[in-house]
Amino acid sequence: MGLLDTEETGTIAVRVALFITCFNDTLFPETGRATVEVLENLGVEVDFPYAQTCCGQMHFNTGYQREAIPLVRRFVDVFEGYEAVVAPSGSCVSMVRELYPMAAELAGDGRLAERVAELGPRVFELSEFLVKELGVTDVGAYYPHRVTYHPTCHSLRMLRVGDAPLELLRNVRGIDLVEISEAEECCGFGGTFAVKNADTSAAMLSDKIRRVLDTEAEVCTAGDNSCLMHIGGGLSRLRAGVETVHLARILASKAEEG
Amino acid sequence: VKPSDAFSRGPTPTFEESAKESLSDSQLRRNLGRATQAIRRKRAVAVEEMPDWEELREAGRALKERVVRHLDEYLLQLEESVTRAGGEVHWARDAGEANRIIAGIAKDKGAEEVVKVKSIATDETKLNEHLQREGIRAFETDLAELIIQLAGETSSHILVPAIHKNRAEIRELFIEELGAQNLSDRPSDLTEAARLYLREKFLATRVGISGANFAVAETGTVSVVESEGNGRMCTTLPPVLVTLMGIEKVIPAWRDFEVFMQLLPRSSTAERMNPYTSFWTGVSEGDGPREFHLVLMDNGRTDVLADEVGRQALNCIRCSACLNVCPVYERTGGHAYNSVYPGPIGAILTPQLVGIGDPGPDSLPYASSLCGACYEVCPVKINIPEVLVHLRGRVVRHKQDRGGPRQKLDPENVAMQTVARVFSDTELYERAQRWARVGQWPFARGGSIGRLPGRLAGWTAVRDLGPIPQQTFREWWRRDRGSV
């Protein structure tokens with residue numbers, strides 16, 4: 001187990017910084033609130049450093065890499081003092097963990113490279129933090145809905161969170177979890193890809209939507225609101241009657257809210 | 001477009017433009033979807049059988065990396081070994097030089113026809129067109145290559161060049177072009193028709209032209225891996241054999257086949273072993289061709305070598321596993337990439353071979369959602385997503401540094417610069433969040449945004465967008481937790 005030994009004390013005493021991500025901060029604040037709730041219910045102390053903005057992924061992955069470097073520096077400045085950093089986004093965490101070294105290299109800044117290498121391993125996506133670091137697979141949630149889970153590409157192939165989100169979902173009371181076919185295929189979002197190659201992105205989306213509908217789920221969940229915004233945007237346009245809900249919100253659901 | 005650009009004559013369209021066309025071709029979508037899904041599943045089974053697959057991948061990567069690091073030494077060693085075995089080595093700086101060398105050899109032998117076996121390198125140099133201008137007809141002998149040659153098309157897949165065609169389409173083509181009578185669309189009948197046509201060519205033609213999968217520096221042995229046996233006929237029946245290979249195809253030693261012959265067939269055709277593997281070392285008395293020419297071609301490869309991140313693209317063994325798992329390739333097909341190297345590997349190889357600064361190839365690193373499926377299956381562990389991101393950086397920096405004043409006004413550039421400034425300052429960032437909330441009113445109707453302006457319209461063409469909520473997370477935290 002990573003950060004702490006829960007067996008000895010029976011309680012979790014750890015302080016983490018919430019990296020909300022600019023995307024969730026602005027567009028999906030309820031995911032942030034749910035993340036705080038899930039962590040605090042487990043006894044984790046959550047701090048929110050206001051100086052945080054964006055990790056720079058959009059700039060970096062679109063090729064505006066010189067422009068991303070100040071954002072990399074800023075991220076490191078804001079978060080390096082924390083024992084652990086948790087974010088409700090596999091994609092933004094993979095930027096920090098997997099691509100910050102490349103950004104530091106591009107900046108030609110050896111000190112930044114060291115700081116990035118030191119901070120990176122302490123930045124976690126929510127589900128991997130819960131399962132792999134805290135050793136928690138049951139957060140006591142109740143969610144009486146038919147749900148299908150879309151494993152997002154970056155959490156799957158860059159962060160290797162594996163089954164962590166599914167382990168958490170399986171322990172949710174009342175949930176009817178159904179598997180989606182070709183689960184590991186990309187939904188077609190890909191950041192600016194969805195705008196630059198809108199037609200190809202739409203073709204990928206239509207297959208993902210077909211598979212979501214095949215499950216007859218009422219809710220499609222994932223660990224990234226960016227992918228969910230894409231899938232949900234298509235479902236909404238088709239008036240498909242299927243909702244997209246971030247994993248954190250399911251994990252924060254309690255019986256009375258059911 | 002540089003004069004040495006072998007991939008296009010005149011500017012090529014961008015990926016976005018070309019993809020539009022193929023995405024709306026329902027027959028193509030079905031052919032490709034079925035083919036890639038089937039081969040994907042088969043590959044997974046063939047790889048699953050191997051307990052040491054990850055070690056093999058690592059060995060393959062390490063070997064290729066060593067080749068790239070000591071390319072100069074291995075190439076000179078290869079030249080020496082081939083010459084010792086009775087072959088002749090030619091060096092070609094670019095596609096034009098390679099074509100001239102090969103045409104020169106054919107003319108020297110008085111050949112009016114040549115038979116060819118699947119060689120992507122000769123597609124890269126557009127050898128067939130060059131030979132035609134020199135009055136020499138080239139006959140493709142790989143079944144799929146023959147099909148697309150007869151159809152007057154170009155390859156859409158590294159390994160299965162006619163993947164975009166189905167049996168019915170091939171039947172019609174053979175009836176029209178080969179004059180085949182009473183032809184059914186059964187695979188055995190279609191191959192028989194091609195066989196009758198090709199056998200004559202193999203026996204009558206004096207010059208055979210091939211590509212190479214590997215060439216061993218230590219021994220001078222060249223190898224071609226194929227499924228049909230036509231390659232073997234092409235490399236053994238004509239008295240003169242010319243092989244064109246990119247300089248990165250050299251491998252150090254004979255024993256390295258242990259690694260590559262396990263990695264390649266399972267990754268490409270999902271076979272434990274491919275049906276035909278030919279090896280030849282120079283010429284042998286009384287067996288096979290009496291003359292052997294090996295043309296070693298650079299054509300941009302040393303430029304790729306100069307890029308420390310991008311050079312891993314040279315590790316590619318052309319298995320095409322990355323094409324078969326790519327969700328973009330599966331939907332657009334190979335032609336959208338406007339290069340003989342399509343799919344994820346093409347998206348990182350083409351712009352590097354051609355050089356950054358050409359809108360067509362420059363669009364290729366963007367033809368990916370960065371989902372990472374390609375990296376996972378690559379038998380030599382080329383980190384394709386990493387190179388894609390790296391090349392996007394080169395494309396943008398090239399535009400910014402050489403684009404002049406017009407580039408500064410490019411809407412994307414302006415937007416990115418502005419947003420980067422906003423993200424660099426907490427106060428500006430929070431102000432922008434408030435403005436976005438106010439600014440969305442013309443678009444947000446009935447609880448969702450259905451139409452956005454400008455380049456963002458691509459999003460709302462098929463997707464709604466939820467409106468920006470009235471309270472950001474940080475506003476909630478500030479209010480709820482009461483601290484600043």
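FYI, side chains are in, hydrogens and waters are out, and symmetry mates aren't considered; it's all heavy atoms of this structure. As the structure is a prediction and not an experimental result, all values here were calculated from the model. Lettering of chains follows the sequences in order, A, B, ..., and the numbering in each one begins at 1.
In terms of non-hydrogen atom pairs under 4.5 Å with chain A, the most contact-rich of Thr14(B), Thr332(B), Asp401(B) is Asp401(B). Of the residues considered (Gly233(A), Gly190(A), Ala51(A)), Gly233(A) shows the highest number of contacts with chain B, using heavy-atom pairs under 4.5 Å. Heavy-atom pairs under 4.5 Å with chain B peak, among Glu98(A), Glu182(A), Glu185(A), Arg157(A), at Arg157(A). The choice from Gln52(A), Glu105(A), Arg73(A) that makes the most heavy-atom pairs within less than 4.5 Å of chain B is Gln52(A). For chain A, the option among Ser24(B), Gly466(B), Ser368(B) with the highest count of heavy-atom pairs below 4.5 Å is Ser368(B). By number of non-hydrogen pairs under 4.5 angstrom with chain B, the leading residue of Ser236(A), Gly232(A), Pro70(A), Ala198(A) is Ser236(A).
Annotation for Gln407(B): atom CD counts as buried by contact number, over 12 foreign heavy atoms lying within 6.0 Å. Within a 6.0 Å radius of CZ in Arg210(A), more than 12 heavy atoms belonging to other residues, nucleotides or ligands are found.
The shortest side-chain heavy-atom distance between Arg481(B) and Val46(A) does not fall under the 4.5 Å cut-off. Using a 4.5 Å heavy-atom threshold, the side chains of Asp480(B) and Arg33(A) count as separate.
Here the CD-CE distance, from Glu330(B) to Met204(A), works out to 9.0 Å after rounding to the nearest 0.5 Å. A distance of 11.5 Å separates CD1 of Ile69(A) from OG of Ser424(B), quoted to the nearest 0.5 Å. Taken from CG in Asp425(B) to CZ in Arg74(A), the straight-line distance is 6.5 Å, to the nearest 0.5 Å. Atom CG of Leu238(A) is separated from atom CG of Asp464(B) by 9.0 Å, given to the nearest 0.5 angstrom. Distance check: Thr192(A) OG1 to Trp459(B) CH2 gives 11.5 Å after rounding to the nearest 0.5 Å. For the atom pair CG of Leu370(B) and CD of Gln57(A), the computed distance is 8.5 Å after rounding to the nearest 0.5 Å.
Of all heavy-atom pairs spanning Arg474(B) and Tyr50(A), the tightest one is NH1-O, 2.7 Å. Nearest heavy-atom pair, Ala203(A) versus Arg331(B), reported as atom, atom and distance to 0.1 Å: O-NE, 3.4 Å. When all heavy atoms of Gly32(A) and Phe473(B) are compared, the pair lying nearest together is C-CE1, 3.3 Å. Taking both residues in full, the closest heavy atoms of Phe193(A) and Ser369(B) are given as CD2-CB, 3.8 Å, listed atom of the first, atom of the second, then distance.
For a heavy-atom cut-off of 4.5 Å, chain B lies close to Leu18(A), Ile20(A), Cys22(A), Asp25(A), Thr26(A), Leu27(A), Pro29(A) in residues 17-30 of chain A. Contacts from residues 387-399 of chain B to chain A, taken as heavy-atom pairs separated by less than 4.5 Å, involve Val389(B), His390(B), Arg392(B), Gly393(B), Val396(B), Arg397(B) in sequence order.
When heavy atoms are compared at a cutoff of 4.5 Å, Val325(B) does not approach chain A at all. In this structure, chain B has a heavy atom under 4.5 Å from the side chain of Leu106(A), while its backbone stays farther away. For a residue to count as touching a neighbouring chain, one of its non-hydrogen atoms must lie under 4.5 Å from one of that chain's; by this rule Tyr366(B) touches chain A with backbone and side chain alike. Contact of Met102(A) with chain B is made through the side chain alone, with heavy-atom distances under 4.5 Å. Contacts between Glu67(A) and chain B at a heavy-atom distance below 4.5 Å involve backbone atoms as well as side-chain atoms.
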- [ ] Could you please spell out the steps behind the salt bridge (Lys or Arg N to Asp or Glu O under 4.0 Å) verdict for Arg40(B) and Glu184(A)?
- [x] CA-CA 13 Å; Arg40(B) 211 150 65 203; Glu184(A) 296 183 357; over 6 Å; no

TODO: Before giving the answer on side chain to side chain contact (heavy atoms under 4.5 Å, CB included), spell out for Phe423(B) and His59(A) the whole-Å C-alpha distance, their side-chain angles and the decisive distance to 0.1 Å.
DONE: CA-CA 11 Å; Phe423(B) 282 149; His59(A) 284 87; 4.1 Å; yes

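Pairs of residues two or more places apart, or lying in two chains, that qualify as side-chain hydrogen bond (donor to acceptor under 3.5 Å, both in side chains) and include a residue from residues 193-203 of chain A are Lys196(A)-Glu412(B), Asp199(A)-Lys20(B), Ser201(A)-His230(A), Ser201(A)-Arg463(B). Counting only residues at least two apart or on different chains, no salt bridge (Lys or Arg N to Asp or Glu O under 4.0 Å) pair has a member in residues 227-236 of chain A.
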